[in-house]
Amino acid sequence: MTTFLIYIFMLPFGHATLPLVINTWPFRDATSAAWSVLQAGGSVLDAVEQGCSRCEVDQCDGSVGFGGSPDENGETTLDAMIMNGDTMEVGAVADLRRIKNAIGVARAVMQHTEHTFLVGESASVFAENMGFTAEDLTTNKSLSIFTQWLKDNCQPNYRKSVLPDPSKNCGPYKPRAMSKQRQRERQIDIHAHDTIGMIAIGQDGHVAAGTSTNGANHKIPGRVGDSPVAGAGAYADSTAGGAAATGDGDVMMRFLPSFLAVELMRTGAAPSSACKTAISRIKRYYPEFFGAVICANTTGHYGAACNKLPGFSKFSFMVSDSQSNIPLLKSVDCF
Ligand code: SD4
């Protein structure tokens with residue numbers, strides 16, 4: 001009995017049962033959609049695709065998918081990726097225009113090309129040729145975010161070392177000498193969720209992971225974040241586990257946190273500690289970065305970690321496994 005109790009207390013965050021679906025933020029319907037696919041005998045890739053697609057249709061929390069994060073021109077563009085942890089195949093798209101189902105296009109890149117990553121207008125043409133519907137991704141909401149931003153003299157924005165002073169003026173901008181530049185605080189909205197990252201692990205240990213996002217409000221046209229980059233936004237390896245990240249992708253992608261977390265789980269680290277180490281690595285250089293990582297290993301243990309900031313002390317994520325059979329909201333204290 002004592003040994004049993006000790007064992008229970010030693011268990012890392014989360015019980016270990018397979019299959020498992022875990023995703024960033026409280027996007028319950030996305031978890032449900034992925035779980036239903038697994039329950040119906042579908043593959044983990046289908047689960048991740050369907051789960052993330054739900055957010056692309058429903059605009060989870062009003063923030064993922066079309067009608068969000070208008071860029072400096074007011075346009076919404078999408079980034080997405082999907083990874084098969086059995087074969088290590090990846091399909092990804094970035095700066096995708098006019099197509100709502102970005103993760104569907106990422107899956108098409110994986111299944112119908114020898115490539116990994118398509119971007120921009122050409123990715124949209126590829127999608128249209130593959131039968132995806134072209135639609136306007138602008139909504140009244142994204143239009144009003146954009147209009148307000150113009151009224152606010154294009155604040156906040158991502159420019160630096162340019163003229164006119166980007167902290168007071170709209171563009172067009174020209175480069176200015178680096179020496180005169182004062183590092184401005186990064187303007188990240190920690191309440192905008194923008195991104196779904198999901199991991200699905202089958203009964204047989206097959207791991208898949210994926211992401212879908214509209215990126216960052218007022219991004220510079222052409223900007224690609226971490227979400228569609230394998231090892232940054234998500235990573236899957238059926239010999240170790242899966243991970244997915246959310247937050248300030250411009251910073252996070254420099255550290256490949258999802259890859260790092262999976263590699264740590266391979267060496268035996270518990271998922272929560274793998275996630276923590278991935279966050280710590282970024283924190284060392286960017287103590288104020290906004291971000292979180294979810295991790296799951298092939299035995300069905302899972303965990304998450306986030307960087308504590310004023311206004312961001314807990315990170316919420318969703319889990320579905322055979323113990324609960326319905327999506328459960330979990331949260332972790334940031335550190
Ligand atoms: C990006 N990582 O494009 C995404 C944004 C995000 O919560 O995750 N927001 O930088």
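As the structure is a prediction and not an experimental result, all values here were calculated from the model. Whatever order the structure lists them in is the order used to number ligands and atoms, beginning at 1.
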Could you check whether Lys283 makes a cation-pi contact with Phe335, meaning its NZ or CZ is under 6.0 Å from the centre of the six-membered ring and within 45° of the ring axis? yes
Atom indices of ligand 1 within 4.0 angstrom of Asp194 heavy atoms, with elements: 9 (N)
Geometric cation-pi criterion, Lys330 with Phe317: 6.0 Å, 45°: no
Give the numbers and elements of all ligand 1 atoms closer than 4.0 Å to a heavy atom of Thr246. 6 (C), 7 (O), 8 (O), 9 (N)
Report yes if Asp250 has an N/O atom closer than 3.5 Å to an N/O atom of ligand 1; otherwise report no. no
Test your reading of the structure: does Gly249 have an N or O sitting under 3.5 Å from an N or O of ligand 1? yes
Same cluster for Ile196 and Ile22 if Ile/Leu/Val/Met/Phe/Trp/Tyr side chains link at under 4.5 Å? yes
Check this for me - ligand 1, Phe290, N or O atoms closer than 3.5 angstrom, yes or no? no
For ligand 1, which atoms have a heavy atom of Gly215 less than 4.0 angstrom away? 3 (O), 5 (C)
Give me the ring orientation class for Phe315 and Trp25: parallel if the planes are under 30° apart, tilted from 30 to 60°, perpendicular past 60°. perpendicular
List ligand 1 atoms under 4.0 Å from Ser227, heavy atoms only on the residue side. 2 (N), 4 (C)
Does Ala245 approach ligand 1 within less than 4.0 angstrom via side chain, backbone, both or neither, non-hydrogen atoms only? neither
Can a donor-acceptor pair be found between the side chains of Asn101 and Ser53 at a distance below 3.5 Å? yes
With only distance considered, is Thr195 within less than 3.5 Å of ligand 1 through an N or O on each side? yes
Within-cut-off N or O pair, Asp226 and ligand 1, under 3.5 Å: yes
Using a 4.0 Å cutoff against the non-hydrogen atoms of Arg223, which atoms of ligand 1 qualify? 1 (C), 3 (O), 10 (O)
Any salt bridge linking Arg223 with Asp95? Criterion: basic side-chain nitrogen under 4.0 Å from a carboxylate oxygen. no
Can you see whether Asp86 engages Ser238 through a side-chain donor-acceptor pair at a distance of less than 3.5 angstrom? yes
Please check if the side chain of Asp237 supplies one atom and the backbone of Gly241 the other of a donor-acceptor pair under 3.5 Å. no
